[in-house]
Amino acid sequence: MGIATKLTIISLASILAAAGAYFYQRKKKDIIPWSWEEVGKLTKLNLFPLKSGHRIELTKAECTEFGLRHSKDEADGFQLRDRCLVVYSEKDNEFRTARTYPKMVLIDVSVHDDHYLAVDAPTMRTLYVKIPTKDDNNDSFIRLHKGEEIYTIDCGDEAASWFSRYILQKDSGLRLGYHDATRKRDIRKTHKTILDYYTNLTNSSTGLYSDLTAVLLLTQASMRDLNKRIGNSSVTVDNFRPNVVIDGPALQPYAEDNWDWIKIGDVVLRNVKECTRCIMTTVNPENASRSSDREPLKTLETYRLSNGPHSLPTMGVNCEVKVAGTIKLGDPVYIPKSVTHPATNGAVTLQE
């Protein structure tokens, strides 16, 4: 065997070894930890049936690949999912939110029975929406952020008229869409920039009509620190519209930033991205008023700007559901055992 051939074999072996090590490390990174320690308790559980609508506070929920859903023993008939409804423009199929129409945060959605939802808002009569199916209703695609197209089933003309009158004070212009959770989103083209930066973020991380992921998590310790910095603040955790809120006596502010994995009950979540924040957080979730001083954004911008592709303030973390199951208030919350104290906001180094 010639020297050139030997060198070629050695080079090839080195490349294969490097490739093997790379893929091993990637696979290892995705393996769910086996050793956990408690950092707090689940203290708040929110379901938002309508994107930008009012929350439903739960004591128990199913945590599915698409996010939270009413648990069977607490649901009054139909099991509502998080952000399964969206308001969109009749003209161009683009979504509409409380960023532009703050009064949307006052819209309540509840289950009337197995076949109908009830929708309420100030000054409006109750709207009963028959849960649509693609066999009986028109289906199409609405456009969310960055032009991402997401499947929707239209909820009919009566719902369209109700939402148009409440939001626009017009007889038409808006429609209501429903997602039946039969298909995942594809963000590979529209969100390429952030996918390149946040390497744990994938199509599997997405919710229904959420801005991006299936679950939004926040700690009360972070909220306390923010309000201390703001001063005389009326901002609450609900300004940030989280699904899951965690608290504990040893928790440090923003500890969640560094939690790679989170276990609640039998559910396992993966932190895939910091949650960047927008003008929506300045809308009071109880009366729809917008803060005149831009809080909490104004304060967050002084110390919590993202280092990612978009230099926006951050609060909380976006999570993918890796193991589905049921969670309830009071459940202990765990992160992988580490060489640093689990409740601190220091970097977490997993034990081998």
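Count residues from 1 along the sequence.
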Problem set entry | Polar side chain donor-acceptor pair, Asn203 to Asp186, under 3.5 angstrom | yes
For this session: Scan side-chain atoms only and decide if Tyr197 and Asn307 contain a donor-acceptor pair under the 3.5 Å cut-off.
Result: no
For this session: Using the salt bridge (charged side-chain N to carboxylate O under 4.0 Å, His left out) rule, take Arg55 and Glu286 through it: C-alpha gap first, then chi angles, then the decisive distance, then the call.
Result: CA-CA 10 Å; Arg55 69 190 178 278; Glu286 306 308 326; 2.8 Å; yes
Exercise. Are Asn271 and Glu256 close enough that some pair of their side-chain heavy atoms sits under 4.5 Å apart?
Worked result: no
For this session: Check whether any side-chain heavy atom of Thr97 sits under 4.5 Å from a side-chain heavy atom of Lys51, and report yes or no.
Result: yes
Exercise. Counting distance only, does the side-chain N/O of Gln79 pair as donor-acceptor with the main-chain N or O of His70 below 3.5 Å?
Worked result: yes
For this session: Output, in order, the C-alpha distance, side-chain angles, deciding distance and verdict of salt bridge (charged side-chain N to carboxylate O under 4.0 Å, His left out) for Asp30 and Lys322.
Result: CA-CA 10 Å; Asp30 291 333; Lys322 285 291 190 179; 5.3 Å; no
Problem set entry | Heavy atoms from other residues, nucleotides or ligands near CZ of Arg188 exceed 12 (cutoff 6.0 Å) | no
Exercise. Closest heavy-atom contact between Thr64 and Ala324?
Worked result: CA-CB, 4.2 Å
Exercise. Between the side chains of Asp120 and Thr126, does any donor sit under 3.5 Å from an acceptor?
Worked result: yes
Exercise. Hey, is Asp139 close enough to Lys134 for a salt bridge, meaning N to O under 4.0 Å?
Worked result: no
Exercise. Do the side chains of Ile194 and His310 get nearer than 4.5 Å, heavy atoms only?
Worked result: yes
For this session: Decide if atom NE2 of His145 counts as having more than 12 heavy atoms of other residues, nucleotides or ligands within a radius under 6.0 Å.
Result: yes
Problem set entry | Enclosure of Lys41 NZ (heavy-atom neighbours >12, cutoff 6.0 Å) | yes
Problem set entry | Polar contact flag, side-chain donor to acceptor under 3.5 angstrom, Tyr88-Tyr209 | no
For this session: Scan side-chain atoms only and decide if Thr133 and Asp135 contain a donor-acceptor pair under the 3.5 Å cut-off.
Result: no
For this session: Write down the atom of Tyr198, the atom of Ser306, and the distance for their closest heavy-atom approach.
Result: OH-OG, 3.6 Å
